[in-house]
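Each residue takes its place number in the sequence, starting with 1.
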Amino acid sequence: QVRIVESGGGLVQPGGSLRLSCVASGSISSIYAMEWYRQAPGKQRDLVARSTSGGKTNYADSVKGRFTISKDNAKNTVYLQMNSLKPEDTAVYYCRADGIATPWGYEYDYWGQGTQVTVSS
């Protein structure tokens, strides 16, 4: 069984920084893609950043130049370094893992429980 757990959220002032972590645990050989999404109250859940096993990364336009996604394949962990935070970055941030190789085959579309990020003075 695969489990996804995020951590690192909290309250930060505008212009500040936070680093989110997401660990995938279980009988995992490799993970093709790990992603960060966010969902603000009353809004849809949107992709923030994506990292694939080949090293390719993608970002939402709203976070380019401020957020950096990095992945430690050996630890099945993905990080999201968030700098120059703005009030509009306030949301619950979710981690998603896809293309997970296990002894029983590939697993898809696993989500964590989310971690709250609040940017406010």
Engineer: Strictly by modelled atom types, are N58 and K56 linked by a side-chain donor-acceptor pair under 3.5 Å?
Structural biologist: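 No, no side-chain donor-acceptor contact under 3.5 Å.
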Engineer: Give a yes or no on whether V78 and I28 share a hydrophobic cluster (residues Ile, Leu, Val, Met, Phe, Trp, Tyr; joining criterion: side-chain heavy atoms under 4.5 Å apart).
Structural biologist: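 Yes, it is one cluster - the side chains of V78 and I28 are joined through contacts under 4.5 Å.
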Engineer: For Q1, look at atom CD and say whether over 12 heavy atoms of other residues, nucleotides or ligands are found less than 6.0 Å away.
Structural biologist: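 Not more than 12 within 6.0 Å, no.
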Engineer: Measuring from atom CG of L11 to atom OG of S120, what distance do you get when rounded to the nearest 0.5 angstrom?
Structural biologist: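 Those atoms lie 6.5 Å apart.
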Engineer: For G114, does its backbone N or O pair with a side-chain atom of E6 as donor and acceptor, under 3.5 Å?
Structural biologist: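 Pair found, side chain donor or acceptor close to backbone of G114.
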Engineer: Salt bridge check, K64 against D61: does any charged N sit closer than 4.0 Å to a carboxylate O?
Structural biologist: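 Looking at K64 together with D61, the answer is yes, because their closest N to O distance falls below 4.0 Å.
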Engineer: For E107 and I100, indicate whether the former's side chain and the latter's backbone hold a donor-acceptor pair under 3.5 Å.
Structural biologist: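 Such a contact is absent between E107 side chain and I100 backbone.
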Engineer: Looking at Y94, I'd like to know if the NZ or CZ of R38 sits under 6.0 Å from its six-membered ring centre while staying within 45 degrees of the ring's axis.
Structural biologist: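 The answer is no; the distance or angle limit is not met.
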Engineer: Of the non-hydrogen atoms in A24 and M34, which two are nearest, and what is the gap between them?
Structural biologist: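 Closest pair (atom of A24, atom of M34, distance): CB-CE, 4.3 Å.
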Engineer: Which heavy atom of G99 sits nearest to which heavy atom of Y108, and what is that distance?
Structural biologist: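 So the minimum-distance heavy-atom pair works out to N-CD2, 3.7 Å.
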Engineer: Please determine if R96 forms a cation-pi arrangement with Y37, meaning its NZ or CZ atom is less than 6.0 Å from the six-membered ring centre and no more than 45° off the ring axis.
Structural biologist: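 Checked: cation-pi criterion not met.
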Engineer: What heavy-atom pair brings L85 and L18 nearest, and what distance separates the two atoms?
Structural biologist: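 So the two residues come closest at CD1-N, 3.8 Å.
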Engineer: Would T77 and D72 satisfy side chain to side chain donor-acceptor pair (under 3.5 Å), going step by step from the backbone distance to the final call?
Structural biologist: CA-CA 5 Å; T77 299; D72 186 333; over 6 Å; no
Engineer: Identify the heavy atoms of S21 and Y79 that sit nearest to each other, and give their distance.
Structural biologist: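 Shortest heavy-atom contact: OG-CD2, 3.4 Å.
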Engineer: Hydrophobic clustering (ILVMFWY, side-chain heavy atoms < 4.5 Å, transitive) - are Y110 and V48 grouped together?
Structural biologist: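 In one cluster: yes.
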